Engineer: 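Encoded as structure tokens, here's the structure I'll be asking about.
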Amino acid sequence: MPLFSPRFKNSLDVGGGREIGFDDDEIVNFLNPNGKDDYVSADIALRNSDIYSTVFQLSADLASSRLITDNSRNQSMLNNPTTWTNSFSFWQAVYAQLLLGGEAFVYRWRNNNGIDVRWEYLRPSQVSVFPLEDYSGLYYDVNFDAPLIGVKQSIPSNDMIHFRLLSQNGGATGISPLRSLASELKIKDSSNKLTINALAKSVLTPGILSVKGQGLLSAKLKSSRSRQFMNQINNSNGGPVVTDSLEEYTPLEIKGDVSKLLSQTDWTSKQIAKAYGIPDSVLNGKGDQQSSLKMIGGDYAKALMRFSRSITSELSNKQSSLVNMDVKPAIDPVNDDYTTNINAFKQSDMLTAGEAKWLLKQTGYLPQDMPDIPETNIERKQEIDQEN
């Protein structure tokens, strides 16, 4: 392979950071391809409550979903991929990085027989992606945190699980959803500064104290009376303000314009939800007032399925066995929708009572050792109850 093989420039500013977690500025920087200084770093992005909420909810729900394959050995790796932490935390970290950076990397530690032993999550700052000389595939250089391992070069693609979202180079690398929010977050930052400034000025003076019949007071007397009046308010322990007949106090209210500024931040929630393809009501927005909870849940399930395709496709390719993701544990954790559908199928005679009961047992909604009481016995019991 040539020494200076061209490296794929993905959406990451690859550095040598060694910290674990999203507090490292080098984990992911989304640079403008035109070289302009507008970027969104993961550290800054996660300080935005809407982005944090979006990434946390989506990654947690994806991690709550079940990865399923027919190969028992591969299924074992999917269930327990690492010795570093528990399965849920591992997958949530991988999915969170995928949602933030548009890419996520997992290294497959395998024995001499090529069997997976454990998987290791890699930060994008640890990984460089290169094309083969004939552009028939990819290889990777990785800077491992463990000093005993150090840098591994020319890692074949089969040893690396490389998740990607939207790509501009045929799927070699991915693009972060945050790239589309660079301008919005700059506007949000400016809007926040304007709102805080306007709010501070609007409440800088709590009210106006008018002194009647005194003529033109000097600045010194005005300041002195103002301090005395504020001392009275502060020392009244919440009691009423007392003024004499020559004074009139009028409290100031926050102007309507400032209230409008405070409500302007909602539009950024909608932009972030749009970038991730989820209903904005998921971010505690009002959403479409005409949309039912079922419609919102359906749209959110579709968003999960869109992200899951990029996950299961890569896992199926690297494990050489079909992998699917069951998102039902995330979108219907207590089986309310499932039981409603089963009951509807039974009412329409698409399922018998026995078949419906069997399906509910498979999901754990009914205990597996629940006895199968014949329907004739149930009808007889009802007749006896009526006679008594």
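Quantities reported herein were computed from a predicted structural model and do not represent experimental measurements. When a residue number appears, it is its place in the shown sequence, counting from 1.
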Engineer: Is there a side-chain contact between Ser65 and Asp326 in this structure, where contact means two heavy atoms from C-beta onward sitting under 4.5 Å apart?
Structural biologist: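 No. Closest side-chain heavy atoms not under 4.5 Å.
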Engineer: Measuring only between side-chain heavy atoms, which start at C-beta, is Ile161 closer than 4.5 Å to Tyr107?
Structural biologist: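 Contact flag for Ile161/Tyr107 side chains = no.
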Engineer: Drop me the distance from Leu132's CG to Ser157's OG, to the nearest 0.5 angstrom.
Structural biologist: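 Result: 7.0 Å between the selected atoms.
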Engineer: If you measure from OG on Ser59 to CG on Leu98, what distance do you get to the nearest 0.5 Å?
Structural biologist: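 Output value for this atom pair is 10.0 Å.
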Engineer: Examine distances only and state if a side-chain atom of Arg164 and a backbone atom of Gly171 form a donor-acceptor pair shorter than 3.5 Å.
Structural biologist: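 Such a contact is found between Arg164 side chain and Gly171 backbone.
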Engineer: Closer than 4.0 angstrom, basic N to acidic O: yes or no for Arg108 and Asp116?
Structural biologist: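 A salt bridge links Arg108 with Asp116.
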Engineer: When rounded to the nearest 0.5 angstrom, what distance separates OG in Ser310 from CE in Met325?
Structural biologist: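 If we round to the nearest 0.5 Å, Ser310:OG and Met325:CE are 8.5 Å apart.
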Engineer: Would you say that more than 12 heavy atoms from the other residues, nucleotides or ligands in this model lie under 6.0 Å from the CZ of Arg73, or not?
Structural biologist: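 Counting neighbours around CZ of Arg73, 12 or fewer heavy atoms of other residues, nucleotides or ligands fall under 6.0 Å, so no.
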Engineer: Strictly distance-based, threshold 3.5 Å: is any side-chain N or O of Lys302 a donor or acceptor partner for the main-chain N or O of Ile278?
Structural biologist: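 Side chain of Lys302 to backbone of Ile278: no pair is present.
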Engineer: Could you check whether any side-chain heavy atom of Val142 comes within less than 4.5 Å of a side-chain heavy atom of Met160, counting everything from C-beta outward?
Structural biologist: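 Heavy-atom side-chain distance check passes, below 4.5 Å.
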Engineer: Between Ser64 and Ala60, is there a donor-acceptor pair closer than 3.5 Å when you use the side chain of the first and the backbone of the second?
Structural biologist: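 Here the side-chain-to-backbone pair exists.
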Engineer: How about Asn112: does its CG atom have over 12 heavy atoms from other parts shown lying under 6.0 Å from it?
Structural biologist: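 No, the 6.0 Å shell around CG holds no more than 12 heavy atoms from other groups.
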Engineer: Could you work out, with side chain to side chain contact (heavy atoms under 4.5 Å, CB included) as the rule, every residue matching Lys274, not counting sequence neighbours?
Structural biologist: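 For Lys274 the side chain to side chain contact (heavy atoms under 4.5 Å, CB included) partners, ignoring immediate neighbours, are Gln271.
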Engineer: Rounded to the nearest 0.5 Å, what separates atom CG in Leu165 from atom CZ in Arg306?
Structural biologist: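 Rounded to the nearest 0.5 Å, the CG-CZ separation comes out at 11.5 Å.
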Engineer: Do Tyr121 and Trp119 have their ring centres less than 6.0 Å from each other?
Structural biologist: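 When the ring centroids of Tyr121 and Trp119 are compared, they turn out to be at least 6.0 Å apart.
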Engineer: Quick one: are Phe105 and Val94 in side-chain contact, heavy atoms under 4.5 Å?
Structural biologist: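 Counting from C-beta outward, Phe105 and Val94 never come under 4.5 Å.
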Engineer: Taking atom CG of Leu67 and atom CG of Asn74, what is their separation to the nearest 0.5 Å?
Structural biologist: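 So the CG of Leu67 and the CG of Asn74 are separated by 11.5 Å.
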Engineer: Applying a strict under-4.5 Å side-chain criterion to I, L, V, M, F, W and Y, I'd like to know whether Val55 and Met305 cluster together.
Structural biologist: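 In one cluster: yes.
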Engineer: Just wondering, do Val127 and Glu103 contact through their side chains at under 4.5 Å, heavy atoms?
Structural biologist: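 Answer no - side chains too far apart.
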Engineer: Carefully, step by step, assess Phe163 and Leu315 under the rule side chain to side chain contact (heavy atoms under 4.5 Å, CB included).
Structural biologist: CA-CA 9 Å; Phe163 300 109; Leu315 291 172; 3.9 Å; yes
Engineer: Is the shortest heavy-atom distance from the side chain of Tyr140 to the side chain of Gln153 under 4.5 Å?
Structural biologist: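 The answer is no, as the side chains (C-beta and beyond) never meet within the 4.5 Å cut-off.
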Engineer: Rounded to the nearest 0.5 Å, how far apart are OG1 of Thr312 and CD of Gln319?
Structural biologist: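 Reported to 0.5 Å precision, the distance equals 11.5 Å.
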Engineer: Between Ser53 (side chain only) and Asp50 (backbone N and O only), is there a donor and an acceptor less than 3.5 Å apart?
Structural biologist: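 No: the side chain of Ser53 does not pair with the backbone of Asp50.
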Engineer: Do Val323 and Gln75 pass the side chain to side chain contact (heavy atoms under 4.5 Å, CB included) test, and can you show the C-alpha distance, the side-chain angles, and the key distance before you say yes or no?
Structural biologist: CA-CA 9 Å; Val323 178; Gln75 185 66 59; over 6 Å; no
Engineer: Please give me the minimum heavy-atom distance between Ser167 and Ala172, naming the atom from each residue.
Structural biologist: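 Ser167 and Ala172 have their closest heavy atoms at OG-N, 3.8 Å.
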Engineer: Scan side-chain atoms only and decide if Asn71 and Thr69 contain a donor-acceptor pair under the 3.5 Å cut-off.
Structural biologist: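 No - no donor-acceptor pair under 3.5 Å links their side chains.
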Engineer: Do Trp84 and Glu120 have side-chain atoms, one donor and one acceptor, less than 3.5 Å apart?
Structural biologist: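 Checked: Trp84/Glu120 side chains show no N/O donor-acceptor pair below 3.5 Å.
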Engineer: Side-chain donor-acceptor pair under 3.5 Å between Asn80 and Ser87, yes or no?
Structural biologist: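 Result is no, nothing qualifies.
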Engineer: Determine whether Leu122 and Ile149 fall in the same hydrophobic cluster, where Ile, Leu, Val, Met, Phe, Trp and Tyr are linked whenever their side-chain heavy atoms lie under 4.5 Å apart.
Structural biologist: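 Looking at the clustering, Ile149 is in the same group as Leu122.
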Engineer: Does the Gln126 side chain pair with the main chain of Arg123, one donor and one acceptor, at a distance under 3.5 Å?
Structural biologist: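 Yes, Gln126 side chain to Arg123 backbone: donor-acceptor pair under 3.5 Å.
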Engineer: Is a donor from one side chain sitting under 3.5 angstrom from an acceptor on the other, for Glu314 and His162?
Structural biologist: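 On atom types as modelled, these side chains do not qualify, holding no pair under 3.5 Å.
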Engineer: Mind running side-chain hydrogen bond (donor to acceptor under 3.5 Å, both in side chains) on Asn79 and Ser76 for me, showing each step along the way?
Structural biologist: CA-CA 5 Å; Asn79 294 341; Ser76 178; over 6 Å; no
Engineer: When you check the side-chain N and O atoms of Thr173 and Asn169, is any donor under 3.5 Å from an acceptor?
Structural biologist: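 Thr173 vs Asn169: donor-acceptor pair found between side chains.
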Engineer: Locate the shortest heavy-atom distance separating Ser128 from Phe130; write the atom from each residue and the value.
Structural biologist: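 Heavy atoms of Ser128 and Phe130 come nearest at CB-CE1, 3.5 Å.
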Engineer: For Arg66 and Val327, indicate whether the former's side chain and the latter's backbone hold a donor-acceptor pair under 3.5 Å.
Structural biologist: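 No, the answer is negative, given that no donor and acceptor are paired below the 3.5 Å cut-off.
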Engineer: Contact between Leu99 and Pro177 at the side-chain level, heavy atoms closer than 4.5 Å - yes or no?
Structural biologist: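 With C-beta onward as the side chain, the pair stays apart.
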Engineer: Taking only residues two or more places apart in sequence or in another chain, which ones pass salt bridge (charged side-chain N to carboxylate O under 4.0 Å, His left out) with Asp141?
Structural biologist: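 In terms of salt bridge (charged side-chain N to carboxylate O under 4.0 Å, His left out), with neighbours along the sequence ignored, Asp141 is linked to no residue.
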Engineer: Where does the angle between the aromatic ring planes of Trp91 and Tyr95 fall among parallel (under 30°), tilted (30 to 60°) and perpendicular (over 60°)?
Structural biologist: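 Ring orientation, 0 to 90° scale: parallel.
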Engineer: Counting distance only, does the side-chain N/O of Asn113 pair as donor-acceptor with the main-chain N or O of Ile115 below 3.5 Å?
Structural biologist: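 Pair absent, no side-chain N/O of Asn113 close to backbone of Ile115.
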Engineer: Taking side chain to side chain contact (heavy atoms under 4.5 Å, CB included) as the test, write out the residues that go with Asp61, two or more places apart.
Structural biologist: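 So Asp61 forms a side chain to side chain contact (heavy atoms under 4.5 Å, CB included) with Tyr300, Leu304, Ala330.
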Engineer: Do Leu58 and Tyr276 touch side chain to side chain, with heavy atoms closer than 4.5 Å?
Structural biologist: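 Contact flag for Leu58/Tyr276 side chains = yes.
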Engineer: Answer with yes or no whether the hydrophobic clustering places Phe56 together with Leu100; edges join I, L, V, M, F, W, Y residues whose side-chain heavy atoms lie under 4.5 Å apart.
Structural biologist: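 Shared cluster, yes.
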